[in-house]
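The chains referred to below are lettered A, B, ... by the order of the sequence lines, with proteins before strands, and numbering in each begins at 1. Hydrogens, waters and symmetry mates play no part in the numbers below; they use all other heavy atoms, side chains included.
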There are 2 protein chains.
Amino acid sequence: MTSSSELENAALQAAKFERVREAHKTEVAEDYVELIDDLINVNGEARVVELAERMGVSHATVNKIVGRLQREGLVISRPYRSIFLTDEGREMAVEARRRHEIVVKFLKAAGVSPETAEIDAEGIEHHVSDETLDCLSALTGKIEI
Amino acid sequence: MTSSSELENAALQAAKFERVREAHKTEVAEDYVELIDDLINVNGEARVVELAERMGVSHATVNKIVGRLQREGLVISRPYRSIFLTDEGREMAVEARRRHEIVVKFLKAAGVSPETAEIDAEGIEHHVSDETLDCLSALTGKIEI
DNA sequence: CTGAATTTGTAGCCGTGGCTACATTTCTTG
DNA sequence: CAAGAAATGTAGCCACGGCTACAAATTCAG
Ligand SMILES: [Mn+2]
Ligand SMILES: [Mn+2]
Ligand SMILES: [Mn+2]
Ligand SMILES: [Mn+2]
(Lines give C-alpha, C1' and ligand atoms only; values in the text may rest on other atoms or scores of the structure.)
(Ligands and ions follow the chains in the order given, each with its own letter.)
Protein backbone atom coordinates (compact mmCIF):
# COMPACT_ATOMS: atom_id res chain seq x y z
CA MET A 1 0.00 0.00 0.00
CA THR A 2 2.63 2.45 0.97
CA SER A 3 0.38 5.10 2.37
CA SER A 4 3.29 5.65 4.72
CA SER A 5 6.47 6.98 3.13
CA GLU A 6 7.67 3.75 1.59
CA LEU A 7 7.54 2.47 -1.95
CA GLU A 8 6.94 -1.20 -2.49
CA ASN A 9 9.20 -3.35 -4.58
CA ALA A 10 9.11 -2.19 -8.19
CA ALA A 11 8.84 -5.65 -9.73
CA LEU A 12 5.92 -6.56 -7.50
CA GLN A 13 4.12 -3.38 -8.38
CA ALA A 14 4.76 -3.96 -12.08
CA ALA A 15 3.31 -7.45 -11.75
CA LYS A 16 0.02 -5.99 -10.53
CA PHE A 17 -0.31 -3.67 -13.49
CA GLU A 18 0.57 -6.50 -15.83
CA ARG A 19 -2.21 -8.53 -14.29
CA VAL A 20 -4.69 -5.74 -14.94
CA ARG A 21 -3.55 -5.46 -18.57
CA GLU A 22 -3.93 -9.20 -18.89
CA ALA A 23 -7.48 -9.04 -17.54
CA HIS A 24 -8.36 -6.36 -20.06
CA LYS A 25 -7.26 -8.57 -22.92
CA THR A 26 -9.78 -11.30 -22.07
CA GLU A 27 -12.47 -8.92 -20.89
CA VAL A 28 -14.08 -8.25 -24.25
CA ALA A 29 -14.11 -11.94 -25.09
CA GLU A 30 -15.78 -12.78 -21.79
CA ASP A 31 -18.52 -10.21 -22.19
CA TYR A 32 -19.24 -11.25 -25.76
CA VAL A 33 -19.41 -15.00 -25.18
CA GLU A 34 -21.59 -14.46 -22.14
CA LEU A 35 -23.97 -12.31 -24.14
CA ILE A 36 -23.96 -14.68 -27.10
CA ASP A 37 -24.83 -17.54 -24.77
CA ASP A 38 -27.67 -15.50 -23.26
CA LEU A 39 -29.06 -14.66 -26.67
CA ILE A 40 -28.93 -18.25 -27.83
CA ASN A 41 -30.68 -19.43 -24.69
CA VAL A 42 -33.43 -16.84 -24.88
CA ASN A 43 -33.82 -16.06 -28.59
CA GLY A 44 -32.62 -19.34 -30.01
CA GLU A 45 -29.82 -17.53 -31.82
CA ALA A 46 -27.28 -14.72 -31.57
CA ARG A 47 -27.17 -12.18 -34.37
CA VAL A 48 -24.83 -9.29 -35.07
CA VAL A 49 -27.51 -6.59 -34.85
CA GLU A 50 -28.60 -7.60 -31.41
CA LEU A 51 -25.06 -7.96 -30.15
CA ALA A 52 -24.39 -4.45 -31.42
CA GLU A 53 -27.50 -3.08 -29.79
CA ARG A 54 -26.83 -4.72 -26.43
CA MET A 55 -23.11 -3.89 -26.37
CA GLY A 56 -23.89 -0.30 -27.35
CA VAL A 57 -21.56 -0.44 -30.32
CA SER A 58 -21.78 -0.34 -34.13
CA HIS A 59 -22.36 -3.54 -36.05
CA ALA A 60 -19.01 -3.03 -37.75
CA THR A 61 -17.29 -3.22 -34.40
CA VAL A 62 -19.18 -6.39 -33.53
CA ASN A 63 -18.13 -7.94 -36.81
CA LYS A 64 -14.49 -7.21 -36.17
CA ILE A 65 -14.63 -8.62 -32.66
CA VAL A 66 -16.54 -11.72 -33.70
CA GLY A 67 -13.80 -12.28 -36.28
CA ARG A 68 -11.20 -12.20 -33.56
CA LEU A 69 -13.23 -14.51 -31.32
CA GLN A 70 -13.43 -16.96 -34.20
CA ARG A 71 -9.68 -16.79 -34.79
CA GLU A 72 -9.28 -17.57 -31.10
CA GLY A 73 -11.60 -20.55 -31.30
CA LEU A 74 -14.37 -19.19 -29.09
CA VAL A 75 -17.16 -18.82 -31.65
CA ILE A 76 -18.19 -20.19 -35.02
CA SER A 77 -19.61 -17.76 -37.53
CA ARG A 78 -20.42 -18.12 -41.22
CA PRO A 79 -21.24 -15.13 -43.43
CA TYR A 80 -24.78 -13.82 -42.98
CA ARG A 81 -25.56 -16.56 -40.46
CA SER A 82 -26.05 -16.44 -36.73
CA ILE A 83 -23.20 -16.94 -34.29
CA PHE A 84 -22.48 -20.10 -32.29
CA LEU A 85 -20.18 -20.83 -29.39
CA THR A 86 -17.51 -23.51 -29.48
CA ASP A 87 -17.15 -25.76 -26.45
CA GLU A 88 -14.37 -23.50 -25.28
CA GLY A 89 -16.56 -20.44 -25.80
CA ARG A 90 -19.38 -22.03 -23.86
CA GLU A 91 -17.05 -22.86 -21.00
CA MET A 92 -15.85 -19.28 -20.91
CA ALA A 93 -19.44 -18.04 -20.93
CA VAL A 94 -20.39 -20.25 -18.01
CA GLU A 95 -17.37 -19.17 -16.02
CA ALA A 96 -17.99 -15.50 -16.83
CA ARG A 97 -21.61 -15.75 -15.78
CA ARG A 98 -20.65 -17.45 -12.56
CA ARG A 99 -18.26 -14.64 -11.64
CA HIS A 100 -20.76 -12.02 -12.73
CA GLU A 101 -23.46 -13.41 -10.50
CA ILE A 102 -21.27 -13.81 -7.46
CA VAL A 103 -20.17 -10.20 -7.74
CA VAL A 104 -23.70 -8.89 -8.26
CA LYS A 105 -25.08 -10.90 -5.36
CA PHE A 106 -22.34 -9.71 -3.09
CA LEU A 107 -22.81 -6.07 -4.02
CA LYS A 108 -26.54 -6.26 -3.42
CA ALA A 109 -25.96 -7.98 -0.10
CA ALA A 110 -23.54 -5.20 0.78
CA GLY A 111 -26.37 -2.72 0.36
CA VAL A 112 -25.67 -1.43 -3.13
CA SER A 113 -28.79 -0.69 -5.16
CA PRO A 114 -29.59 -3.33 -7.79
CA GLU A 115 -29.00 -0.90 -10.67
CA THR A 116 -25.59 0.21 -9.40
CA ALA A 117 -24.70 -3.34 -8.48
CA GLU A 118 -25.28 -4.41 -12.06
CA ILE A 119 -23.31 -1.49 -13.47
CA ASP A 120 -20.28 -1.90 -11.22
CA ALA A 121 -20.26 -5.67 -11.52
CA GLU A 122 -19.86 -5.43 -15.28
CA GLY A 123 -16.38 -4.02 -14.72
CA ILE A 124 -15.40 -5.59 -11.41
CA GLU A 125 -16.11 -9.15 -12.55
CA HIS A 126 -13.00 -9.18 -14.74
CA HIS A 127 -10.64 -8.30 -11.92
CA VAL A 128 -11.65 -10.68 -9.12
CA SER A 129 -9.37 -13.64 -8.53
CA ASP A 130 -10.73 -16.99 -7.44
CA GLU A 131 -9.52 -16.27 -3.96
CA THR A 132 -11.42 -13.00 -3.79
CA LEU A 133 -14.46 -14.61 -5.35
CA ASP A 134 -14.53 -17.21 -2.59
CA CYS A 135 -14.28 -14.52 0.05
CA LEU A 136 -17.11 -12.54 -1.53
CA SER A 137 -19.34 -15.61 -1.66
CA ALA A 138 -18.64 -16.40 1.98
CA LEU A 139 -19.27 -12.82 2.99
CA THR A 140 -22.54 -12.72 1.06
CA GLY A 141 -23.68 -15.74 3.04
CA LYS A 142 -22.75 -14.14 6.34
CA ILE A 143 -24.39 -10.81 5.60
CA GLU A 144 -27.63 -12.41 4.54
CA ILE A 145 -28.01 -14.25 7.82
CA MET B 1 -28.33 -10.87 -14.63
CA THR B 2 -31.07 -12.68 -16.35
CA SER B 3 -30.17 -16.06 -14.99
CA SER B 4 -33.84 -16.85 -15.54
CA SER B 5 -34.95 -16.95 -19.14
CA GLU B 6 -35.39 -13.22 -19.61
CA LEU B 7 -33.23 -10.63 -21.30
CA GLU B 8 -33.02 -7.21 -19.76
CA ASN B 9 -33.70 -4.05 -21.69
CA ALA B 10 -31.11 -3.63 -24.43
CA ALA B 11 -30.46 0.08 -23.84
CA LEU B 12 -29.88 -0.49 -20.14
CA GLN B 13 -27.47 -3.27 -20.85
CA ALA B 14 -25.64 -1.14 -23.39
CA ALA B 15 -25.31 1.64 -20.81
CA LYS B 16 -23.44 -0.71 -18.50
CA PHE B 17 -20.89 -1.64 -21.12
CA GLU B 18 -20.46 2.00 -22.05
CA ARG B 19 -19.73 2.73 -18.42
CA VAL B 20 -17.02 0.09 -18.37
CA ARG B 21 -15.47 1.49 -21.56
CA GLU B 22 -15.56 4.93 -20.00
CA ALA B 23 -13.78 3.65 -16.88
CA HIS B 24 -11.06 2.12 -19.01
CA LYS B 25 -10.39 5.44 -20.66
CA THR B 26 -9.52 7.14 -17.36
CA GLU B 27 -7.90 4.10 -15.83
CA VAL B 28 -4.41 4.61 -17.21
CA ALA B 29 -4.44 8.27 -16.23
CA GLU B 30 -5.48 7.41 -12.69
CA ASP B 31 -2.76 4.83 -12.20
CA TYR B 32 -0.07 7.11 -13.61
CA VAL B 33 -0.93 10.21 -11.59
CA GLU B 34 -1.20 8.12 -8.45
CA LEU B 35 2.22 6.62 -9.07
CA ILE B 36 3.74 9.98 -10.00
CA ASP B 37 2.41 11.43 -6.77
CA ASP B 38 3.87 8.54 -4.79
CA LEU B 39 7.26 8.96 -6.42
CA ILE B 40 7.33 12.68 -5.78
CA ASN B 41 6.40 12.16 -2.15
CA VAL B 42 8.98 9.47 -1.55
CA ASN B 43 11.80 10.22 -3.97
CA GLY B 44 11.31 13.94 -4.34
CA GLU B 45 10.71 13.53 -8.05
CA ALA B 46 9.11 11.31 -10.69
CA ARG B 47 11.26 10.20 -13.61
CA VAL B 48 10.44 8.28 -16.75
CA VAL B 49 12.72 5.33 -15.99
CA GLU B 50 11.13 4.63 -12.66
CA LEU B 51 7.61 5.01 -13.99
CA ALA B 52 8.53 2.49 -16.68
CA GLU B 53 10.00 0.09 -14.17
CA ARG B 54 7.05 0.31 -11.78
CA MET B 55 4.39 0.14 -14.50
CA GLY B 56 6.19 -2.82 -16.08
CA VAL B 57 6.37 -1.11 -19.44
CA SER B 58 9.00 0.34 -21.77
CA HIS B 59 10.16 3.93 -21.32
CA ALA B 60 8.85 4.70 -24.80
CA THR B 61 5.37 3.75 -23.67
CA VAL B 62 5.71 5.94 -20.60
CA ASN B 63 6.80 8.84 -22.76
CA LYS B 64 3.80 8.52 -24.98
CA ILE B 65 1.39 8.32 -22.08
CA VAL B 66 2.98 11.23 -20.25
CA GLY B 67 2.53 13.21 -23.45
CA ARG B 68 -1.16 12.45 -23.43
CA LEU B 69 -1.48 13.28 -19.73
CA GLN B 70 0.14 16.63 -20.44
CA ARG B 71 -2.24 17.34 -23.34
CA GLU B 72 -5.06 16.56 -20.92
CA GLY B 73 -3.69 18.94 -18.32
CA LEU B 74 -2.83 16.38 -15.66
CA VAL B 75 0.96 16.66 -15.63
CA ILE B 76 3.69 19.09 -16.58
CA SER B 77 6.78 17.72 -18.23
CA ARG B 78 9.70 19.43 -19.93
CA PRO B 79 12.26 17.53 -22.01
CA TYR B 80 14.81 15.63 -19.95
CA ARG B 81 13.31 16.92 -16.72
CA SER B 82 11.26 15.19 -14.08
CA ILE B 83 7.48 15.09 -14.17
CA PHE B 84 5.12 17.20 -12.07
CA LEU B 85 1.42 17.04 -11.41
CA THR B 86 -0.94 19.91 -12.10
CA ASP B 87 -3.55 20.74 -9.47
CA GLU B 88 -6.01 18.67 -11.46
CA GLY B 89 -3.55 15.80 -11.62
CA ARG B 90 -2.96 15.95 -7.90
CA GLU B 91 -6.69 15.92 -7.23
CA MET B 92 -7.05 12.88 -9.42
CA ALA B 93 -4.17 11.19 -7.61
CA VAL B 94 -5.73 11.82 -4.23
CA GLU B 95 -9.07 10.52 -5.36
CA ALA B 96 -7.50 7.47 -6.98
CA ARG B 97 -5.52 6.66 -3.86
CA ARG B 98 -8.62 7.05 -1.72
CA ARG B 99 -10.52 4.53 -3.83
CA HIS B 100 -7.53 2.23 -3.99
CA GLU B 101 -7.19 2.13 -0.22
CA ILE B 102 -10.86 1.60 0.46
CA VAL B 103 -10.91 -1.36 -1.90
CA VAL B 104 -7.74 -2.88 -0.47
CA LYS B 105 -8.91 -2.48 3.11
CA PHE B 106 -12.23 -4.03 2.30
CA LEU B 107 -10.69 -7.00 0.52
CA LYS B 108 -8.35 -7.68 3.41
CA ALA B 109 -11.21 -7.39 5.87
CA ALA B 110 -13.13 -9.86 3.72
CA GLY B 111 -10.37 -12.37 4.29
CA VAL B 112 -8.40 -11.99 1.07
CA SER B 113 -4.64 -12.34 1.50
CA PRO B 114 -2.76 -9.02 1.40
CA GLU B 115 -0.96 -9.94 -1.83
CA THR B 116 -4.12 -10.90 -3.68
CA ALA B 117 -5.97 -7.94 -2.22
CA GLU B 118 -3.38 -5.59 -3.70
CA ILE B 119 -3.46 -7.33 -7.07
CA ASP B 120 -7.23 -7.40 -7.43
CA ALA B 121 -7.66 -3.89 -6.10
CA GLU B 122 -5.47 -2.48 -8.86
CA GLY B 123 -8.18 -3.43 -11.35
CA ILE B 124 -11.32 -3.22 -9.23
CA GLU B 125 -10.63 0.34 -8.03
CA HIS B 126 -11.53 1.76 -11.44
CA HIS B 127 -14.97 0.19 -11.52
CA VAL B 128 -16.42 1.02 -8.11
CA SER B 129 -18.98 3.82 -8.01
CA ASP B 130 -19.23 6.17 -5.06
CA GLU B 131 -22.27 4.29 -3.90
CA THR B 132 -20.43 0.98 -3.88
CA LEU B 133 -17.42 2.58 -2.26
CA ASP B 134 -19.59 3.77 0.62
CA CYS B 135 -21.05 0.31 1.06
CA LEU B 136 -17.60 -1.27 1.06
CA SER B 137 -16.37 1.17 3.69
CA ALA B 138 -19.36 0.51 5.88
CA LEU B 139 -18.97 -3.21 5.48
CA THR B 140 -15.27 -3.06 6.33
CA GLY B 141 -16.19 -1.34 9.58
CA LYS B 142 -18.78 -3.94 10.43
CA ILE B 143 -16.52 -6.90 9.68
CA GLU B 144 -13.68 -5.52 11.76
CA ILE B 145 -15.84 -5.25 14.85
C1' DC C 1 36.93 18.30 -18.28
C1' DT C 2 36.10 14.61 -20.95
C1' DG C 3 34.24 10.09 -22.03
C1' DA C 4 31.12 6.58 -20.81
C1' DA C 5 26.85 5.33 -18.76
C1' DT C 6 22.32 6.56 -18.07
C1' DT C 7 18.26 8.75 -19.16
C1' DT C 8 15.13 10.68 -22.27
C1' DG C 9 13.19 11.43 -26.77
C1' DT C 10 11.48 9.91 -31.26
C1' DA C 11 10.30 7.15 -35.27
C1' DG C 12 7.84 3.56 -36.84
C1' DC C 13 5.69 -0.71 -36.24
C1' DC C 14 1.63 -3.65 -34.28
C1' DG C 15 -3.14 -5.21 -32.49
C1' DT C 16 -7.40 -3.72 -30.42
C1' DG C 17 -11.68 -1.66 -30.48
C1' DG C 18 -14.09 2.37 -31.73
C1' DC C 19 -16.42 4.87 -35.93
C1' DT C 20 -18.71 6.06 -40.85
C1' DA C 21 -19.68 5.03 -45.44
C1' DC C 22 -20.72 2.01 -48.80
C1' DA C 23 -21.47 -2.84 -50.81
C1' DT C 24 -23.70 -7.11 -50.64
C1' DT C 25 -26.77 -10.63 -49.05
C1' DT C 26 -30.84 -12.24 -46.93
C1' DC C 27 -35.49 -11.67 -45.49
C1' DT C 28 -40.12 -9.90 -45.84
C1' DT C 29 -43.92 -8.22 -47.79
C1' DG C 30 -47.13 -6.89 -51.23
C1' DC D 1 -41.66 -13.41 -57.50
C1' DA D 2 -39.87 -8.88 -57.30
C1' DA D 3 -38.91 -4.78 -54.55
C1' DG D 4 -37.65 -2.79 -50.68
C1' DA D 5 -36.15 -3.29 -46.00
C1' DA D 6 -33.08 -5.21 -42.93
C1' DA D 7 -28.98 -7.50 -41.78
C1' DT D 8 -24.35 -8.38 -42.63
C1' DG D 9 -19.84 -7.56 -44.57
C1' DT D 10 -15.92 -4.62 -45.77
C1' DA D 11 -12.89 -0.68 -46.39
C1' DG D 12 -10.64 2.78 -44.33
C1' DC D 13 -10.15 6.04 -40.79
C1' DC D 14 -8.84 7.12 -35.68
C1' DA D 15 -6.73 6.94 -30.76
C1' DC D 16 -4.65 4.12 -27.50
C1' DG D 17 -1.09 1.59 -25.43
C1' DG D 18 2.17 -1.85 -26.34
C1' DC D 19 6.99 -2.73 -28.58
C1' DT D 20 12.10 -2.18 -30.74
C1' DA D 21 15.67 0.47 -32.53
C1' DC D 22 18.09 4.33 -32.80
C1' DA D 23 19.27 9.39 -31.64
C1' DA D 24 20.20 12.94 -28.41
C1' DA D 25 20.80 14.93 -23.91
C1' DT D 26 22.17 14.66 -19.25
C1' DT D 27 24.76 12.90 -15.50
C1' DC D 28 28.55 10.70 -13.38
C1' DA D 29 33.30 9.12 -12.88
C1' DG D 30 37.83 9.17 -13.49
MN1 LIG E 1 -18.05 -7.31 -17.98
MN1 LIG F 1 -11.14 -3.01 -16.04
MN1 LIG G 1 -5.38 0.56 -11.01
MN1 LIG H 1 -4.16 2.15 -7.94
Side-chain angles (χ1 to χ4, degrees), chain A residues 10 14-36 39 43-84 122-123 126, chain B residues 10 14-36 39 43-84 122-123 126:
Chain A
K16 291 172 197 167
F17 290 117
E18 296 221 48
R19 176 70 144 266
V20 174
R21 289 192 291 268
E22 201 51 49
H24 286 165
K25 274 190 213 159
T26 57
E27 173 159 347
V28 171
E30 288 171 359
D31 286 337
Y32 272 77
V33 296
E34 188 182 347
L35 180 51
I36 289 169
L39 292 176
N43 291 347
E45 61 175 2
R47 311 240 42 154
V48 171
V49 255
E50 188 153 14
L51 282 174
E53 194 189 3
R54 304 194 93 94
M55 296 298 304
V57 123
S58 77
H59 82 273
T61 295
V62 170
N63 254 335
K64 197 178 289 190
I65 289 172
V66 167
R68 175 169 77 84
L69 298 183
Q70 184 158 38
R71 283 203 310 276
E72 293 173 355
L74 295 168
V75 310
I76 297 168
S77 125
R78 282 158 33 236
Y80 298 99
R81 292 281 118 85
S82 65
I83 298 155
F84 301 90
E122 198 55 71
H126 308 283
Chain B
K16 292 172 198 167
F17 290 117
E18 296 222 47
R19 176 70 145 270
V20 175
R21 288 192 291 268
E22 201 51 49
H24 285 165
K25 272 188 214 162
T26 55
E27 174 159 345
V28 171
E30 289 171 0
D31 286 336
Y32 272 76
V33 295
E34 188 183 344
L35 179 52
I36 289 168
L39 292 176
N43 292 346
E45 62 176 359
R47 312 239 44 156
V48 171
V49 255
E50 186 153 15
L51 282 174
E53 193 189 3
R54 304 194 93 93
M55 295 299 304
V57 123
S58 77
H59 82 274
T61 295
V62 170
N63 253 337
K64 198 178 287 188
I65 289 173
V66 167
R68 176 170 77 82
L69 298 183
Q70 183 158 36
R71 284 202 310 276
E72 292 172 356
L74 295 168
V75 310
I76 297 169
S77 122
R78 284 160 30 239
Y80 298 98
R81 291 282 116 84
S82 66
I83 299 156
F84 301 91
E122 198 56 71
H126 309 282

Novice: Show your reasoning for whether side-chain contact (heavy atoms from CB on, under 4.5 Å) applies to A/Gln70 and A/Ile83.
Specialist: CA-CA 10 Å; A/Gln70 184 158 38; A/Ile83 298 155; over 6 Å; no

Novice: Give each protein N/O atom lying under 3.5 Å from an N/O atom of nucleotides 11-14 of chain D, with the pair distance.
Specialist:
none

Novice: Can you give me the N/O atom pairs linking the protein to nucleotides 23-27 of chain C at distances under 3.5 Å, or say none if there are none?
Specialist:
unit_1, atom_1, unit_2, atom_2, d
C/dT24, O2, A/Tyr80, OH, 3.2
C/dT25, O4', A/Tyr80, OH, 3.2

Novice: Does a side-chain N or O of B/Thr61 approach OP1 or OP2 of D/dC19 to a distance below 4.0 Å, or not?
Specialist: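 Checking D/dC19 against B/Thr61, a side-chain N or O does come within under 4.0 Å of OP1 or OP2.
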
Novice: Roughly how many Å is it from CZ in B/Arg78 to P in C/dT8, rounded to a whole number?
Specialist: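 About 13 Å, once rounded to whole Å.
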
Novice: Once side chain to side chain contact (heavy atoms under 4.5 Å, CB included) is applied, do any residues pair with A/Glu18, and if so which ones, sequence neighbours excluded?
Specialist: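 In terms of side chain to side chain contact (heavy atoms under 4.5 Å, CB included), with neighbours along the sequence ignored, A/Glu18 is linked to A/Arg21.
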
Novice: So for the helix from C/dC1-D/dG30 to C/dG30-D/dC1, with five pairs setting each end axis, what is the inter-axis angle to 10°?
Specialist: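 Answer rounded to 10°: the end axes differ by 10°.
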
Novice: For D/dG18 and B/Ser58 - does any side-chain N or O of the residue sit under 4.0 Å from the phosphate oxygens OP1/OP2?
Specialist: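 So the side-chain polar atoms of B/Ser58 never come under 4.0 Å of the phosphate oxygens OP1 or OP2 of D/dG18.
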
Novice: Extract all donor-acceptor atom pairs below 3.5 Å that involve side chains of residues 72-80 of chain A and protein atoms in other chains or at least two apart in sequence.
Specialist:
unit_1, atom_1, unit_2, atom_2, d
A/Glu72, OE1, A/Arg68, NH1, 3.1
A/Glu72, OE2, A/Arg68, NH1, 2.8

Novice: At a heavy-atom distance below 4.0 Å, what parts of residues 21-32 of chain A sit against DNA chain C?
Specialist: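 Residues of residues 21-32 of chain A under 4.0 Å from DNA chain C: A/Val28.
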
Novice: How long is the span from the OH atom in A/Tyr32 to the CG atom in A/Leu39, to the nearest 0.5 Å?
Specialist: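 Going from the OH atom of A/Tyr32 to the CG atom of A/Leu39 covers 11.5 Å.
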
Novice: Is the closest side-chain donor-acceptor distance between B/His126 and B/His24 under 3.5 Å?
Specialist: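 No pair is found: no donor N or O on one side chain lies under 3.5 Å from an acceptor on the other.
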
Novice: Do you know which two heavy atoms are closest between A/Ser82 and A/Ala46, and how far apart they sit?
Specialist: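 Answer, listing the atom of A/Ser82 first, then A/Ala46: CB-O, 3.3 Å.
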
Novice: According to salt bridge (Lys or Arg N to Asp or Glu O under 4.0 Å), who are the partners of A/Glu22, at least two apart in sequence or on a separate chain?
Specialist: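 Applying salt bridge (Lys or Arg N to Asp or Glu O under 4.0 Å) to A/Glu22 gives A/Lys25.
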
Novice: Identify the pairs formed between an N or O of the protein and an N or O of nucleotides 2-5 of chain D at a distance under 3.5 Å, and give each distance.
Specialist:
none

Novice: Please step through side-chain contact (heavy atoms from CB on, under 4.5 Å) for the pair B/Val62 and B/Val66, ending with a clear verdict.
Specialist: CA-CA 6 Å; B/Val62 170; B/Val66 167; 3.9 Å; yes

Novice: Step through the shown structure and confirm whether more than 12 heavy atoms of other residues, nucleotides or ligands are within 6.0 Å of CZ on B/Arg19.
Specialist: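 It does not: B/Arg19 CZ has 12 such atoms or fewer within range.
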
Novice: I need the residues from residues 65-74 of chain A with at least one non-hydrogen atom less than 4.0 Å from DNA chain C; give them sorted by number, or say none.
Specialist: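 Heavy-atom cutoff 4.0 Å gives A/Ile65, A/Arg68, A/Arg71.
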
Novice: Can you name the residues that form a side chain to side chain contact (heavy atoms under 4.5 Å, CB included) with A/Ala23, not counting sequence neighbours?
Specialist: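 Applying side chain to side chain contact (heavy atoms under 4.5 Å, CB included) to A/Ala23 gives A/His127.
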
Novice: Just list the side-chain donor-acceptor pairs under 3.5 Å for residues 48-57 of chain A, sequence neighbours left out, or say none.
Specialist:
unit_1, atom_1, unit_2, atom_2, d
A/Glu50, OE1, A/Asn43, ND2, 2.8
A/Glu50, OE2, A/Arg54, NH1, 2.9
A/Arg54, NE, B/Gln13, OE1, 2.7
A/Arg54, NH2, B/Glu8, O, 2.0

Novice: Applying side-chain hydrogen bond (donor to acceptor under 3.5 Å, both in side chains) as the test, list every pair that has at least one member in residues 56-65 of chain B; sequence neighbours left out.
Specialist: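 Output for this query lists B/Ser58-B/Thr61.
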
Novice: I want to check one thing: is the phosphate of D/dG9, taken as OP1 and OP2, less than 4.0 Å away from some side-chain N or O of A/Asn63?
Specialist: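 Checking A/Asn63 against D/dG9: at least one side-chain N or O falls below 4.0 Å of OP1 or OP2.
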
